[in-house]
Amino acid sequence: AWHIVAPGSLLEHHHVFFIAEVCKKGVVTVSPSRTVLFGSTVNISCSLKPKEGCSRTSNFQKLTFYQNRLRVHSQKTHLLSIQVSNLHLGTTVFVCKVSCGGHVESQVCGADISVGVTPEQPQNLSCSQLGEQGNVVCTWDKGRDTHLYTVHTLQLTGPNNLDLEKQCAPYHDDLDLGMSLSPASPEANYTAKVVASNSLGNSSSLPLVFSFVDIVKPLPPSDIRADFPNLLANFCTLQWQDRGPVVLNRLQFRPVHENAWKTVHVANSGGRYDLYNLIPFTEYEFQISSKLHSVKGRWSDWSKSLRTQTPREEPVGTLDVWYTVDDLEGGLQNVSLFWKNMSMSEARGIILGYQVTIQEVPGDSLAVPHTLENLTSHTHFAVVLPQNDYVVAVSAVNSEGSSSPSRTFIPRQPRKGRTDLWLALASPQNILAKPQGTDGIGVTWEPPHEAAMLVKEYLVEWRALGTGSSPSSPVNWRRLPTVNMSAVISEHVKPHVCYQIRLCALWGDGAGCARTWADLTSKEPLTGPRVQNATAGKGTATVTWDEIPAQDQMGCLLHYKIYLKELRSQSPSHIFEIPYEVGNTTRLIRGLRPGVTYVLWMTASTAAGEGPRGNERELSLEDTPEWNILVVPIAVALVAVGIFSMPRVRAKVKSVFWALQPQWYNQEIPDPANSMWAKKYSIIEDEMQLHFQSLSNNCTNSEEPETLEINEVLPKSAPTLQETHPSCWPRDHNLHEPGRESWLQVPKPFEVGAEYGVSHPSTPASHRPEKGQVTDPYRAMGSGGPKAEDPGSHLRAIPVDYLPAHIDYLPSNLDYLPSTAAGPPEDSELQGLSFSIFPKGSFHPLICGEKLTLDRMGLKMLDNF
C-alpha cells in the first residue's frame, strides 16, 4: 500500500512526500522531472507489470489516476498516460489504481511532483559582533519562498588567508559564524556573501566589506548613578562605566511623566557628564549608550534606565486665582476664592498649604487697613466680609519656601460710581453657548459696549449646575487674550449635565460678567418636579415645588409645565408653561374656576424632550358665595342709618351741607306774578289793544309797517341774567357753571321744560313747583308750549315805559299764582333783578294777523334770538 505523509507532519511542512514501499504491481513515470518550475507541463504514465493485472478470464481491467485523492482520468487499458499543467506551488501527489470488473480498486504506484521557483538574491546582508569577545553573526533577507528545499551558504574571506564557508540551517535567515574578529587590526577589511540554491538554480548576494570597527557593537554602559551637588535641583552629575575602548557616548533623559526624550552626545567623557536646567522635585529617567568610533561603527544598546528625583526648591511662578462674590444682608458679602494647582515644575516640591492674605482698601489714606491671614491646604477659601474694596494675595508653600503671591483686586459690589447699567454695558455682549458635538461646548461673544479698550483679558468660567455655591463646589475657568471672541470648553465637561457658563471681561480694577447655560448632550429628565404645596384662592392657586435633583435633570431644563385637570371631568387639562429659572420654584396661577377641585402635576423639559410627570395633588378652589356681594352695601346702609338716626349728627350734617352750597342757591327768585308790571296790566290793556290794531291794519294794507321803537330800561345797579346748564326739576341739582356765555349773547331755541337760573343765589324752596302750579313758565303766559290753554286772549300793545326791566318771565294766567304772591310786593323786593327780552340795541317788531298776546310776543322774540 501507498503511505502518504500525514498533513501537519514535519515532512509535509517541508513539502517532502515519499512512498514507503516499492511499487509491486506497476510503475508510474514522470517527465521531464518530478521537480518542475512553476507553470511547467508534466506528463505522467502508469503501466502494469506482467502477471500483476487482472486474470485472463476477465475481460474488464481499468486504470485510474487520482490527483490529491481526486479522480482525474480512467480508462480500460494496460497503460495509462495523462498530461498535467497549471500545478500549484508545492507538492502534488498522483496515484494510479486498477480495478477488475468490480468496485474494488488496488493501488499500482504513485509519484509526487514538486513545483517551485528559483531562489531570489539575498538582500541586506549585515554582520555584527557584540563586544570584543563576541562571535560574528550575519543576517540577511532571503526574499520570496521558493516552495522547495533551499540551502543558504555564507562565505567569509579576510586577512591571513581567511576563507570560511558555512551553511545555514533550513528556514533560518541568520548565521552564527562561531568566530570573532580581533581588535588587533581594527581597520582590516573582511568580505562576506550569501549563496542561496535549490534544485531549480541558485543566487548570490552582493558582497559585504567591513572592518572590526564597523561591525563590533559595544556592550552598554553599566553602573549609572546621578548626584546633585549641594542639593541643587537644576544641576546633576551623571556617572557611568564604559565597557570597552569607547570614544563616543550619548545620553537621553526625560521626566517620567513625559514621552519626549532629550539627547546629549559626549565625546571622550571618561564616564562623567553634568546636566543643567533640570526641574526641581521631578523624577527623571536616564539612559546611556556608547560607540567605538566617532564617525562609523555601531551604537551599543541603551543601558538600563536610572530613575531618580531632583531635590526640592521653593515654588516658582504665581497661582491662577479667581473669585466669586455673593451679596448678603446687613451690608456683608461672601467672598469665595479659587485657585488652580501648580504644575510639578512650578511646585518644585510637595505643596504643604496656601497662604491667603486679604487686605481692606480703606477710603481714607490715613486709615489703617484691616488684614486677614489664613493658611489652608485646600484650593479654595471663603470668608464673609463687609462690602468694601479688597486686595487678595495667595501663595503656595512647600518645605523650602513659598511662591510669589498672586494678587487679585476685588472691588465693591457694585463699584462706586458705576451703576448696574454701566456694568451691564461693560460686560461681554451676545454671549452664546451651544454643544460642539463630542468636542465640547462652544462659547461665542462680542466685546463690551463700554470699557472695551480697557479690557486686559477674558475669563470663561463654567460650573455644573446643581453643585451649589459652596466653596468646595468645583469651579473651572480659562483665561483668554482679548483677540479671542470664542472658546471651546472641553475640560471637565460630562454629557447630560447642565453647566452655568460665565464670561467676564477683566480690566484693572474690576470685571463685567454675563452668563448663560448649556450642556454637551441632553436626555429627557428622569423624574418630574415634586409639588410641595398648592394653596387655593378665589380663582387662583399658588404652587410650590422642589427642584429636580441634578443627577435626574439629564441636561439643561428649558421649562416646566403645570397640568390642572378637573376632578371627575372629561374636559382637557389646563397646561401652564413656565420658563425655567434657577431658584424659582413658586408660581401663581390665575383664571381658575372657583368651587372646582383640580388634580395637579408637573413635568420638566430639556432640549431632548419632556420628562415624566411628578407627584399628583388635589386642589380645591374656594367658592364665591352670593351673599358676599350684598355684605358691603348692607353694612354701609346699616352704619348710615345708625348714624343719621341721631338728631345731633343729623343736624351737624345738614349744617355742613348748607355751608357747602353756593350763595346764590339760598336766595329766592322773585315771582313774576307779583311784579309791578302785573299790577299795572289792567291799566295798560286798552292802550296795547289800540296799538296792535294799528299794526294789524297796516299789515293788511300791505303797507310798510310802522317801526316801533322800544327802549330797554336797565337799572345800572341790577345784575343781568346768566344761562346755566339745562336740568330737570328739582332745582337743587342746578349748579351755576362759571364761564358759560349768557343766553342773551348766544340765542338758543326754547324747549318746554327748560330752565334758566339767575346769577344770584336763591333758596331751594323757591325752585320747587307747588300744587297747581304749572312747571313751564311760558305756559303761564299762554303760548309757552304747543298746547296753549288760552290762545284767544288778546293783549294790547304795551308802551315801553311800562315794561319793567327786572322781570324774569311773564305769566299770562295769574289765577294759578300762589296765595303768597297775591299781595303787591314792594319795589325793594325786585332790587337786584334785571330782565330784558330784547338784545341790547334797537329792535323793530312786526305783528301781523290776530292780536298778539304778550306770551306769543315773548316766544316770537326768543325765536328771533
Side-chain angles (χ1 to χ4, degrees), residues 118-144 146 149-223 240-251 265-271 287-304:
T118 58
E120 286 186 335
Q121 182 183 36
Q123 301 289 331
N124 302 324
L125 174 62
S126 67
C127 297
S128 66
Q129 177 178 322
L130 183 60
E132 296 181 0
Q133 305 300 325
N135 293 335
V136 177
V137 178
C138 297
T139 61
W140 61 90
D141 295 335
K142 296 184 300 181
R144 66 184 179 181
T146 62
Y149 180 75
T150 303
V151 177
H152 291 78
T153 303
L154 178 66
Q155 300 173 356
L156 177 64
T157 61
N160 302 325
N161 298 321
L162 177 64
D163 189 0
L164 178 66
E165 187 174 301
K166 192 170 183 179
Q167 186 174 333
C168 178
Y171 308 104
H172 284 73
D173 52 4
D174 58 344
L175 179 62
D176 186 352
L177 298 180
M179 58 165 290
S180 59
L181 303 184
S182 173
S185 302
E187 300 295 335
N189 290 330
Y190 297 84
T191 302
K193 71 176 181 178
V194 177
V195 178
S197 61
N198 60 18
S199 58
L200 297 178
N202 57 63
S203 179
S204 298
S205 68
L206 296 175
L208 171 66
V209 179
F210 56 87
S211 66
F212 173 85
V213 175
D214 292 330
I215 69 170
V216 173
K217 182 179 181 180
L219 296 174
S222 60
D223 300 331
W240 65 92
Q241 185 68 40
D242 284 321
R243 300 164 70 179
V246 173
V247 177
L248 186 65
N249 295 101
R250 61 178 178 179
L251 289 71
H265 290 80
V266 183
N268 301 315
S269 63
Q287 287 183 330
I288 305 173
S289 67
S290 57
K291 192 178 181 183
L292 297 180
H293 197 275
S294 60
V295 177
K296 59 182 179 179
R298 294 188 173 191
W299 286 102
S300 70
D301 293 332
W302 289 105
S303 65
K304 292 182 179 180

Rounding to 0.5 Å, atoms CG (Leu154) and SG (Cys127) come to a distance of 6.0 Å
Residues Asn189, Thr191; criterion side chain to side chain contact (heavy atoms under 4.5 Å, CB included); working and verdict: CA-CA 7 Å; Asn189 290 330; Thr191 302; 5.9 Å; no
Donor-acceptor pair, distance only, cut-off 3.5 Å: does the side chain of Gln129 make one with the backbone of Ser180? no
Mind running side chain to side chain contact (heavy atoms under 4.5 Å, CB included) on Leu181 and Phe210 for me, showing each step along the way? CA-CA 11 Å; Leu181 303 184; Phe210 56 87; 3.8 Å; yes
May I ask you to test the Val247-His293 pair for a side-chain heavy-atom distance under 4.5 Å? no
In this structure, are over 12 heavy atoms from other groups packed under 6.0 Å from Lys304 atom NZ? no
Quick one: are Leu251 and Trp240 in side-chain contact, heavy atoms under 4.5 Å? yes
Backbone of Glu187 reached by a side-chain donor or acceptor of Ser211 within 3.5 Å: no
Hey, what do you get for CG (Leu130) to CD1 (Ile215), rounding to the nearest 0.5 Å? 11.5 Å
Which pair of non-hydrogen atoms, one from Ser205 and one from Pro122, has the smallest distance, and what is that distance? CB-O, 3.3 Å
Please report the shortest heavy-atom distance between Cys138 and Leu125, naming the atom on each side. CB-CD1, 4.3 Å
Value for CD (Gln167) from CG (Leu175), rounded to nearest 0.5 Å, stands at 9.5 Å
Has Lys142 got a side-chain atom pairing as donor or acceptor with Pro119's backbone, closer than 3.5 angstrom? no
Residue pair Ser289 / Ser300, side-chain donor-acceptor N/O under 3.5 Å: no
Minimum heavy-atom separation for Ala192 and Leu156, please, with both atom names. CB-CD1, 3.9 Å
Does Cys168 have any disulfide bond (SG atoms under 2.5 Å apart) partners at least two apart in sequence or in another chain, and if so, which? none
Between Trp302 and Arg250, is any pair of side-chain heavy atoms under 4.5 Å apart? yes
Rounded at 0.5 Å granularity, tell me how far CD1 in Ile288 sits from CG in Asn249. 7.0 Å
Can Leu162 and Met179 be said to form a side chain to side chain contact (heavy atoms under 4.5 Å, CB included), step by step? CA-CA 11 Å; Leu162 177 64; Met179 58 165 290; 4.1 Å; yes
Quick check: closest heavy atoms across Tyr190 and Pro159, and the distance to 0.1 Å? CE2-CD, 3.5 Å
Measuring only between side-chain heavy atoms, which start at C-beta, is Lys193 closer than 4.5 Å to Thr157? no
Side chains of Leu177 and Asn135, heavy atoms from C-beta outward: is any pair under 4.5 Å? no
If you compare all heavy atoms of Val151 against all heavy atoms of Thr153, which two are closest, and at what distance to 0.1 Å? CG1-OG1, 4.0 Å
Starting at CG of Asn202, measure out to CD of Gln121 and round the result to the nearest 0.5 Å. 11.5 Å
I need the Asp176 CG to Thr139 OG1 distance, nearest 0.5 Å. 12.0 Å
How about Ser290 and Arg243: do any of their side-chain heavy atoms sit closer than 4.5 Å? no
Quick one, Leu219 with Glu132, criterion side chain to side chain contact (heavy atoms under 4.5 Å, CB included). Give me CA distance, side-chain angles, the key distance, then yes/no. CA-CA 9 Å; Leu219 296 174; Glu132 296 181 0; over 6 Å; no
For residues Arg298 and Ser126, report the shortest heavy-atom separation together with the two atoms involved. NH2-CB, 3.9 Å
With respect to Leu200, which candidate in Thr146, Thr118, Thr150 satisfies the side chain to side chain contact (heavy atoms under 4.5 Å, CB included) definition? Thr118
Check ion pair Lys217-Asp301 (N to O, under 4.0 angstrom): yes
